[in-house]
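We name chains A, B, ... by the order of the sequence lines, and we start the count at 1 in each one. Since the structure is predicted, the reported quantities are computational estimates derived from the model, not experimental observations.
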2 protein chains.
Amino acid sequence: MLVALGVRIQGLRHDRGLTLQQLAEAADVSVGMLSSVERGQKAPTIVVLARIADGLGVSLADLVAEPEDTRIIVRRAADQDSVDEPGGWRRTVLSPVVPGVNFEWIRTTLPPDCDAGRFPAYAPGSHEYVVVESGTLRLTIADTPVDLNEGDSAYFAADVTHGYANTGSGPCTYYVAALIMRARVAQPRTRHTSRGLRRG
Amino acid sequence: MLVALGVRIQGLRHDRGLTLQQLAEAADVSVGMLSSVERGQKAPTIVVLARIADGLGVSLADLVAEPEDTRIIVRRAADQDSVDEPGGWRRTVLSPVVPGVNFEWIRTTLPPDCDAGRFPAYAPGSHEYVVVESGTLRLTIADTPVDLNEGDSAYFAADVTHGYANTGSGPCTYYVAALIMRARVAQPRTRHTSRGLRRG
DNA sequence: ATGCTCGTTTCTCTATAGTGAAATTCGTAG
DNA sequence: CTACGAATTTCACTATAGAGAAACGAGCAT
């Protein structure tokens with residue numbers, strides 16, 4: 001875990017063509033410390049890690065996030081998951097499942113006067129973007145209703161319950177792009193970290 | 001900066017109804033340390049911060065990410081930036097600018113046989129998603145061309161040069177959703193410089 | 001009040017993060 | 001092969017993170 005962070009930092013440094021001392025100066029961290037961190041031999045405090053991130057021009061969150069590996073994924077129209085829900089509405093998932101990325105892109109068509117129901121609150125930091133292609137969509141964020149017409153777009157923080165409904169007399173088609181943060185709920189506690197035997 | 005992290009941790013702990021000792025046990029961290037961290041009196045190393053994040057059931061990246069403040073942003077169709085480029089193609093930016101979120105959602109229409117040109121490589125970790133609404137789109141990732149027809153969607157890592165072109169005889173309309181990572185190039189220390197994002 | 005429990009803070013002490021400079025490796029030129 | 005400059009690693013030392021337990025303080029019952 002430490003070495004992974006180290007190689008990640010080193011990779012970013014090499015990408016920018018920086019030497020240890022250059023980055024050390026830019027990040028206001030000693031060269032030796034930087035070297036140790038890159039090789040996973042020392043665990044930096046968040047303050048120095050934040051300085052390193054700043055020196056690299058990335059956010060601290062970016063540094064600790066797992067790196068991306070997949071390169072190109074194409075989903076043909078025929079391969080896309082189209083779900084015809086009982087209520088007469090149709091959803092098409094446009095985005096592929098990419099490990100480490102919590103992005104979903106969905107095209108939905110609702111028949112006239114149809115309520116797609118409410119969705120639960122996602123973890124803090126989740127966002128959703130909506131664009132209406134045709135028709136009228138009533139978006140309800142927590143308890144606040146917003147009416148969107150053709151061409152309107154909206155953004156909202158998705159950490160509250162939210163619902164979609166077609167309030168018009170014709171069908172309504174809209175796109176939803178969602179960045180969902182994952183939040184694990186109180187796992188039975190991993191015991192793989194039985195630290196405490198190294199203290200004398 | 002440290003106190004901000006502290007109150008954030010404390011808030012998450014209170015949300016879960018945990019006491020210092022409960023979280024300390026769940027996170028395998030001493031109570032005193034946890035207390036100090038919550039009040040910003042000590043700077044934890046990433047290993048203990050990772051354990052704390054684990055105990056809270058959130059990812060390390062979630063912990064260090066700035067909290068979201070904006071709640072709902074609506075952009076009416078009339079307010080959206082529609083740019084008619086010289087080449088005869090039209091771009092509409094659907095996503096609003098949200099601080100801290102590097103997400104852009106754009107609808108583009110290209111006239112027949114039009115090349116929208118190539119875009120530079122973004123920072124590692126950047127992604128793009130594409131959906132073709134109508135027509136035929138030739139996507140070029142690095143040197144790999146991919147042809148997308150109506151309804152096809154694609155994902156690719158945007159840290160290489162990439163281009164869009166309409167190779168068909170009719171107009172082509174497509175959506176691009178982009179998560180762009182920011183990367184600064186070796187500035188002379190501190191001072192958070194701007195972050196200019198733009199996307200075609 | 002007195003005693004009890006729960007939650008938090010403070011205390012002591014050891015392990016280690018972090019610095020600055022010397023030592024080492026590694027190209028590359030002479 | 002030797003010399004030299006740049007990049008990285010090792011070394012000695014100081015500051016502090018982190019564990020463990022004691023001390024503090026707020027309810028709450030008797």
Discussion item. Please check: side-chain N/O of B:Asn166 versus main-chain N/O of B:Cys114, any donor-acceptor pairing under 3.5 Å?
Written reply: no
Worksheet item: Quick one: does B:Arg13's side chain have a donor or acceptor within less than 3.5 Å of a partner on B:Leu18's backbone?
Response: yes
Distance, rounded to the nearest Å, where [X] contributes [atom1] and [N] contributes [atom2]:
| X | N | atom1 | atom2 | value |
| --- | --- | --- | --- | --- |
| A:Glu25 | C:dT19 | CD | P | 14 Å |
| A:Ile46 | D:dA17 | CD1 | C1' | 12 Å |
| A:Leu34 | C:dA17 | CG | C1' | 14 Å |

Item to complete: Verify the ring-centre separation between A:Tyr175 and A:Tyr129: is it less than 6.0 angstrom?
Response: no
Discussion item. What does the B/S/- profile of nucleotides 4-11 of chain D look like, 5' to 3', with a 4.0 Å heavy-atom cutoff to protein?
Written reply: ---BBBB-
Worksheet entry | Residue pair A:Thr136 / A:Thr167, side-chain donor-acceptor N/O under 3.5 Å | no
Worksheet item: Is A:Arg51 paired with A:Asp28 through a side-chain N to carboxylate O contact shorter than 4.0 Å?
Response: no
Worksheet item: Is any side-chain nitrogen or oxygen of B:Thr45 closer than 4.0 Å to OP1 or OP2 of D:dG18?
Response: yes
Worksheet item: Can you check side chain to side chain donor-acceptor pair (under 3.5 Å) on A:Thr45 and B:Thr45, steps first, answer last?
Response: CA-CA 4 Å; A:Thr45 58; B:Thr45 59; over 6 Å; no
